[in-house]
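Taking it in order: structure first as structure tokens, then the write-up.
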Amino acid sequence: MKTLVVAQQKGGVGKTSSVVHLAFDFLERGLSVAVIDLDTQANASYTLGQYKIEARASQLFGPVPADRWQQAAQAQEDGPRLVLIEADPELANAVFLPLPKAKKNMKANIEALAEQGFDICLIDTAPGLGVALVAALYAADCVLSPIELEAYSIQGIKMMLTTIMNVRKENKSLQFLGMVPSKVDARNPRHVRHLAELKAAYPQLIVPVSIGLRSSIADALASGVPVWKIRKTAARKATQEVRGLAAYVFDKMEIAQ
């Protein structure tokens with residue numbers, strides 16, 4: 001099982017949208033997908049609510065339960081499946097956990113989940129640097145960072161890159177897949193300028209797929225379906241973009257089928 005953390009230290013940049021659409025795309029590719037929602041806002045939990053299992057995200061910071069992840073494996077029939085480990089109120093207490101304990105337990109639980117036949121684990125995270133995010137990065141194979149082309153988001157990605165560098169001191173195999181320009185308005189000169197500046201500053205770190213500012217994506221998230229299920233002409237372009245991102249991540253992570 002490969003584990004991908006979607007993270008940015010600025011909110012509202014498209015993390016949850018990325019996680020949800022990667023999950024739906026990978027499921028359609030025939031993969032078994034586990035989604036973990038580590039954001040107390042629980043937006044991914046809302047959109048993917050029909051796939052939730054008994055396990056809760058806060059339990060990832062405790063000892064590995066004897067049969068918890070067996071329940072995840074049995075949640076659906078044999079074959080491709082999607083399960084959600086939803087955010088819960090106790091998740092807010094993660095901030096009070098000693099970081100070494102949180103990292104150890106998160107890694108152990110991810111390893112136990114991997115034994116249940118999942119191909120990919122996608123982790124949605126809260127904005128800001130905290131115990132939950134660092135623990136997730138410590139247990140992950142890859143990290144992806146959506147970025148909005150605004151000043152605050154760009155400032156956030158600088159902090160995110162520093163965090164990744166620090167985590168790599170322990171998790172040396174952590175791979176940064178890059179920044180995904182998100183909610184891009186090609187008619188906005190500021191967005192065009194910021195994207196050019198980012199490409200100049202980080203030429204190797206910008207994902208070659210941008211996600212536009214599209215209402216059809218919001219419609220899809222609210223309806224609990226991927227954007228390619230939305231019956232709008234405008235959804236076609238959004239579908240091309242999110243499918244392109246999924247193909248990029250799939251290839252970069254070398255996910256086995």
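Each residue takes its place number in the sequence, starting with 1.
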SB check Arg243 Asp25 (cutoff 4.0 Å): yes

Would you say the side chain of Asn166 lies within less than 4.5 Å of the side chain of Thr163, judging by non-hydrogen atoms? no

For Lys107, does the NZ atom have more than 12 heavy-atom neighbours from other residues, nucleotides or ligands under 6.0 Å away? yes

Check which hydrophobic residues are tied to Met159 through side-chain heavy-atom contacts below 4.5 Å, counting indirect links as well, and list them. none

What closest approach, in Å, do Phe118 and Met1 show between heavy atoms, and which atom pair accounts for it? O-CB, 3.3 Å

Can you confirm if the NZ or CZ of Arg168 lies within 45° of the ring axis of Phe176 and under 6.0 Å from the centre of its six-membered ring? no

Using modelled atom types only, decide if a donor and an acceptor are shared between the side chain of Ser45 and the backbone of Ala87 within a distance under 3.5 Å. yes

Do Leu129 and Leu133 touch side chain to side chain, with heavy atoms closer than 4.5 Å? yes

Within the side chain of Asp119, is there an N or O that forms a donor-acceptor pair under 3.5 Å with the backbone of Lys2? no

When the ring planes of Phe24 and Trp228 are compared, do they come out parallel, tilted or perpendicular, using 30° and 60° as the limits? perpendicular

Just by distance, do the side chain of Thr3 and the backbone of Cys121 share a donor-acceptor pair under 3.5 Å? no

Only residue of Ile217, Asn43, Val227 satisfying side chain to side chain contact (heavy atoms under 4.5 Å, CB included) with Ser17 is Ile217

Please check this pair: side chain of Asp141 against backbone of Met253, looking for a donor-acceptor N/O pair closer than 3.5 Å. no

Please check if atom CZ in Arg193 has more than 12 non-hydrogen atoms from other residues, nucleotides or ligands closer than 6.0 Å. yes

How far does CE of Met106 sit from CG of Leu97, to the nearest 0.5 angstrom? 10.0 Å

Any residue meeting salt bridge (charged side-chain N to carboxylate O under 4.0 Å, His left out) with Arg187, in chain and number order, not counting sequence neighbours: Asp185

Test salt bridge (Lys or Arg N to Asp or Glu O under 4.0 Å) on Glu241 and Arg214 and set out the steps. CA-CA 11 Å; Glu241 293 168 347; Arg214 308 194 186 281; 2.7 Å; yes

Worked check of side chain to side chain contact (heavy atoms under 4.5 Å, CB included) between Val6 and Leu122: CA-CA 7 Å; Val6 179; Leu122 304 171; 5.9 Å; no

Heavy-atom side-chain contact between Pro181 and Leu198 under 4.5 Å: no

Answer yes or no: is there a side-chain heavy-atom contact under 4.5 Å between Lys52 and Leu48? no

Flag yes if Val207 and Leu213 sit in one hydrophobic cluster, no otherwise; membership is Ile, Leu, Val, Met, Phe, Trp, Tyr, and two members link when side-chain heavy atoms are under 4.5 Å apart. no

Considering non-hydrogen atoms only, spot the tightest contact between Tyr248 and Leu177 and give its length. OH-O, 3.0 Å

Would you mind telling me which of Thr125, Asp37, Asp124 makes a side-chain hydrogen bond (donor to acceptor under 3.5 Å, both in side chains) with Thr16? Asp124

Find out whether Phe61 and Leu91 are in side-chain contact, i.e. whether some heavy atom of one side chain is under 4.5 Å from a heavy atom of the other. yes

Does the distance from a Lys or Arg side-chain N to an Asp or Glu carboxylate O, for Arg56 and Glu90, drop under 4.0 Å? no

For the residue pair Leu22 and Ala246, what are the closest heavy atoms and their distance? CD2-CA, 3.5 Å

How close do Leu4 and Leu144 get, counting heavy atoms only, and between which atoms? CD1-N, 3.8 Å

Testing the basics here: between Asp39 and Pro127, what is the closest heavy-atom pair and its distance to 0.1 Å? OD2-CD, 4.0 Å

Take Val83 and Val35, measure what side chain to side chain contact (heavy atoms under 4.5 Å, CB included) needs, and give me the verdict at the end. CA-CA 6 Å; Val83 302; Val35 175; over 6 Å; no

For Asp88 and Ser58, indicate whether the former's side chain and the latter's backbone hold a donor-acceptor pair under 3.5 Å. yes

